[in-house]
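One is the number of the first residue; the rest follow in order along the sequence.
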Amino acid sequence: MDAYKLLITGGAPLIGETYVSGGKNTSVAVISATLLSDEPCTLENLPDIEDVHVLIDIMRELGARVDFDPAARRMTVDPRSLNSYRVPYRQSQRMRASYYMLGALLGRCGQAEVGYPGGCSIGARPVDQHLKAFRAMGAEVEERGAIISAKGELTGAPVYFDRITVGGTINAMLAAAKAEGTTILYNAAKEPHVVDLANFLNSMGCRVRGAGTDTVRVTGKKYLHGSVYTVIPDQIETGTLMIAAAATRGDVIIRGCIPAHMESLTAKLLEMGVAVSDMDDAIRVRTVRGHRAVNIKTQEYPGFPTDLQQPMSALLTRANGDSVVIETIFESRFKHLNEMQRMGAHVRILDQTALIEGVPELYGAPVTATDLRAGAALVIAGLMAKGTTEIYEPGYIERGYEHIEEKLRALGADIRREPVEAASSPL
Ligand code: EPZ
């Protein structure tokens, strides 16, 4: 159990301006890609979050030289001192994106042994499509207990993903970046961080075309030069802040974001009656009336992101009317709703569908975060609720949101930490 809990006293509207940090899911992909370079690389706008620090630990253990200045959000990586292709299970279990070490090490060294990844408990999360891509490029891949090992000189090949997978697309791009010839990824993921990785690989001299469409072509280059690259802002943090502004009936300008990445959420908030206005690199969210209930169905980008389903469902608990939320990406991503029932939410869950009946108020209660975005959803519920909410296991939230408590406090939220006595528990 985490040594602290979050205490949130709800009711205050969030008012003012905030900013979005660099993207978590793009950063873990681009940082992994630096291992492919034959010269030092510098990355800018990286978020100071736990997942980045875990990846740094892993890369240092492989022998890479990694310097990270969290305040400047700048990292330099010199992979030339790399002296291992093995990522032990105790390290790979610490995060989901450790699986990118497979593609990067296979691409750079022709060999990789990586323990099964960890990550949020939101479903089975197999990696069969990642391994299918490596095998298509000529690698011998074995799954020995908790270790995945891959070996071979890679050559470009066609890869047809049986289902759209962000991690599989990115891992295949990493492996293909130095392969002989061209790899064509069919049924590829189109998320903004897939495009960001392609731009980074191209900045190192690789030739990636079609990122952002369902067909990505990667022509490998034996020698990849160094690069200075700025990662894109976090699409999911942007959305979480937008939803928090609406949920507290506030008026917030979110700076440093890319409005074009937010279109599916913006459309849903407008449908609810929330005033959303896009500026060049900022979005303003205001509530001018009560919120209409809406239906959500998560889909791969550019559909409604599964990572925003949980924060959005918190907002829907207090909408006027009944909302239907269908989660199509992961099998078990409704646990936060069970927690919100303790706060007075009226929810019925049947398999991948949640029926949320809007109530006039939520009430503070002790709740427990079960994963990163569930934690974000509970923070939003706490900001909406009458009284004080205690959120146990808030450590999940730090994995993916940089300085989120400070950002919310600066907007007027009453949110603070309190040590958890050994004996206490939310039940
Ligand atoms: C990435 O996870 C993100 N994580 C997730 O964000 C995000 O929810 C997900 O993409 C979808 O957008 C990172 O980028 C580190 P997938 P990933 O491969 O790569 C199945 C967050 O909160 N699948 O697109 O694991 C899989 O089980 C996290 O920031 C296979 O069946 O997602 C899932 O049902 C949570 N075989 C679906 O595909 C495979 O080989 C989508 O998974 C791979 C995936």
Please tabulate, one pair per line, all N/O donor-acceptor pairs under 3.5 Å involving side-chain atoms of residues 22-32, not counting sequence neighbours.
residue	atom	partner	partner atom	Å
T26	OG1	D196	OD2	2.8
S27	OG	G23	O	2.5
S32	OG	V28	O	2.6

* Expected output: side-chain S98 to main-chain S92 donor-acceptor under 3.5 Å -> yes
* To do: Classify the side-chain pair Q310/D371 by whether it contains a donor and acceptor separated by less than 3.5 Å.
  => yes
* Asked: Has the side chain of D2 got a donor or acceptor atom that lies under 3.5 Å from a matching backbone atom of Y4?
  -> no
* To do: Report yes or no: does E191 contribute a side-chain atom to a donor-acceptor pair with the main-chain N or O of Y301 at less than 3.5 Å?
  => yes
* To do: Using distance alone, with no hydrogens and no angle criterion, decide if T298 and T306 have a side-chain donor and acceptor under 3.5 Å apart.
  => no
* To do: Would you mind reporting whether L378 and M340 have side-chain heavy atoms less than 4.5 Å apart?
  => yes
* side-chain hydrogen bond (donor to acceptor under 3.5 Å, both in side chains) against Q91, all qualifying residues, sequence neighbours excluded -> E61, R94
* Asked: Heavy-atom distance under 4.5 Å between the side chains of H193 and I170, does that happen here?
  -> yes
* T42 versus E44: any side-chain heavy-atom pair under 4.5 Å? -> yes
* Side chain to side chain, V276 and R284, heavy atoms closer than 4.5 Å -> no
* State which residues pass ring pair (Phe, Tyr, Trp, His ring centres under 6.0 Å) with H336; sequence neighbours excluded, sorted by chain then number. => none
